Amino acid sequence: MKFKVILIAAAVSTSSLAFAQSGPPAGKALVGDTYGGQLTSSVESKAITVDKLNKQLKKDNKKVENVAVKGKVTDVCDKKGCWLTIQTEDNSKFFVKMKDYAFFVPTALKGKNVVLEGNAERKVISVNEQKHYAEDAKKPQSEIDAITQPKEEIRFVANGIKVVN
């Protein structure tokens, strides 16, 4: 009886490990590659600038749904590929998470121009959350320690991402 319990426990733990993701997915992030859900066929032509998104966020009570935005990827989560940052026209950055944590992106996406489709909002980010993502990004401890105030920023939840160049 004890042997069966041990055997079942071993099988369950082994199968759990098989499904755990140890890092970001492999991939070269080539032009035309997509990640996540199906993007609308006109996603590239309907993409707006971050400046226009900011204006829309101010006008529409801090939240905009079903929007497409173009930008350059400056960072990708090294642990799983579960978030990224996008550089805007004025060299500021905004943070992108994947909808429902349902997909991840390769670190090769860094430096690529992409179109994101999803929902955006202005949100106040706590000190703890900022530090968590700084640690994920392997920022120096001095930079992490310098985070002492909540900040308001654009947060984007992507349904899908397409590499455009």
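Keep in mind that the numbers below use all heavy atoms, side chains included, and drop hydrogens, waters and symmetry copies. This structure is a prediction, so every number in the text was calculated from the model and none was measured.
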**Study point:** Minimum side-chain heavy-atom gap Phe104-Lys79 below 4.5 Å
**Key:** no
Review point. Roughly how far, to the nearest 0.5 Å, is NZ of Lys93 from OG1 of Thr74?
Key: 4.0 Å
Review point. Can you tell if the side chain of Glu153 reaches within under 4.5 Å of the side chain of Lys123, non-hydrogen atoms only?
Key: no
Study note, to complete from the structure: Closest non-hydrogen contact found for Pro25 with Val105 is CD-O, 3.5 Å
Practice item. Please report the C-alpha distance between Met98 and Ile161 in whole Å, then the side-chain angles of each, then the deciding distance to 0.1 Å, and finally whether the side chain to side chain contact (heavy atoms under 4.5 Å, CB included) criterion is met. Key: CA-CA 9 Å; Met98 311 329 164; Ile161 300 171; 4.0 Å; yes
Practice item. Could you tell me the separation between the CG atom of Asn119 and the CG atom of Asn159, rounded to the nearest 0.5 Å? Key: 6.0 Å
Point to revise | Steps toward side chain to side chain contact (heavy atoms under 4.5 Å, CB included) verdict (Val163, Leu109) | key: CA-CA 8 Å; Val163 182; Leu109 208 54; 3.5 Å; yes
Practice item. Examine Val69 and Val64 and state if one hydrophobic cluster contains both, with Ile, Leu, Val, Met, Phe, Trp and Tyr joined whenever side-chain heavy atoms are less than 4.5 Å apart. Key: yes
Exercise for review: Treat each ILVMFWY residue as a node, draw an edge where side-chain heavy atoms are under 4.5 Å apart, and state whether Val50 and Trp83 are in one component.
Suggested key: no
Check your understanding: So which heavy atom on Ala137 is nearest to which on Asp75, and how close?
Key -> CB-OD2, 3.5 Å
**Study point:** Phe94 side, atom CZ; Leu84 side, atom CG - distance, nearest 0.5 Å
**Key:** 8.5 Å
Practice item. For the residue pair Val164 and Val114, establish whether any side-chain heavy-atom pair is separated by less than 4.5 Å. Key: no
Exercise for review: Evaluate the side-chain proximity of Lys70 to Leu116: yes if any heavy-atom separation is below 4.5 Å, no if none is.
Suggested key: no
Review point. Roughly how far, to the nearest 0.5 Å, is NZ of Lys151 from OG of Ser126?
Key: 11.5 Å
Review point. Can you name the closest pair of heavy atoms from Val73 and Ile86 and give their distance?
Key: CG2-CD1, 3.9 Å
Point to revise | Where Pro106 and Gly27 come nearest, the two heavy atoms and their spacing | key: CB-O, 3.7 Å
**Study point:** Between OG1 on residue Thr49 and CG on residue Leu53, distance to nearest 0.5 Å
**Key:** 8.0 Å
Review point. Would a 4.5 Å heavy-atom cut-off, applied to side chains only, mark Gln130 and Asn128 as touching?
Key: no
Check your understanding: Can you check whether Asp136 reaches Asp78 side chain to side chain, under 4.5 Å on heavy atoms?
Key -> no
Check your understanding: Taking atom NZ of Lys110 and atom OG1 of Thr85, what is their separation to the nearest 0.5 Å?
Key -> 9.0 Å
Check your understanding: Has Lys46 got more than 12 heavy atoms of other residues, nucleotides or ligands less than 6.0 Å from its NZ?
Key -> yes
Check your understanding: Centres of the Phe95 and Phe156 rings: under 6.0 Å?
Key -> no
Practice item. Please assess Ile144 against Glu135 for the test side chain to side chain contact (heavy atoms under 4.5 Å, CB included), listing each intermediate value before the final yes or no. Key: CA-CA 7 Å; Ile144 295 168; Glu135 289 166 359; 3.6 Å; yes
Exercise for review: Kindly indicate whether the side chain of Cys82, heavy atoms from C-beta on, has any atom under 4.5 Å from the side chain of Cys77.
Suggested key: yes
Point to revise | Salt bridge Arg122-Glu152, side-chain N to carboxylate O under 4.0 Å | key: yes
Point to revise | Pairing of Glu44 and Lys162 as salt bridge, 4.0 angstrom limit | key: yes
**Study point:** Flag side-chain contact, heavy atom, 4.5 Å: Lys63 against Glu65
**Key:** yes
Exercise for review: Run the numbers on Ile48 and Val67 for side chain to side chain contact (heavy atoms under 4.5 Å, CB included), then give the verdict.
Suggested key: CA-CA 8 Å; Ile48 62 173; Val67 64; 3.6 Å; yes
Practice item. Look at atom CD of Gln141 and say whether more than 12 heavy atoms of other residues, nucleotides or ligands are closer to it than 6.0 Å. Key: yes
Check your understanding: Only one of Glu129, Lys131, Lys139 forms a side-chain contact (heavy atoms from CB on, under 4.5 Å) with Ile147, so which one is it?
Key -> Lys131
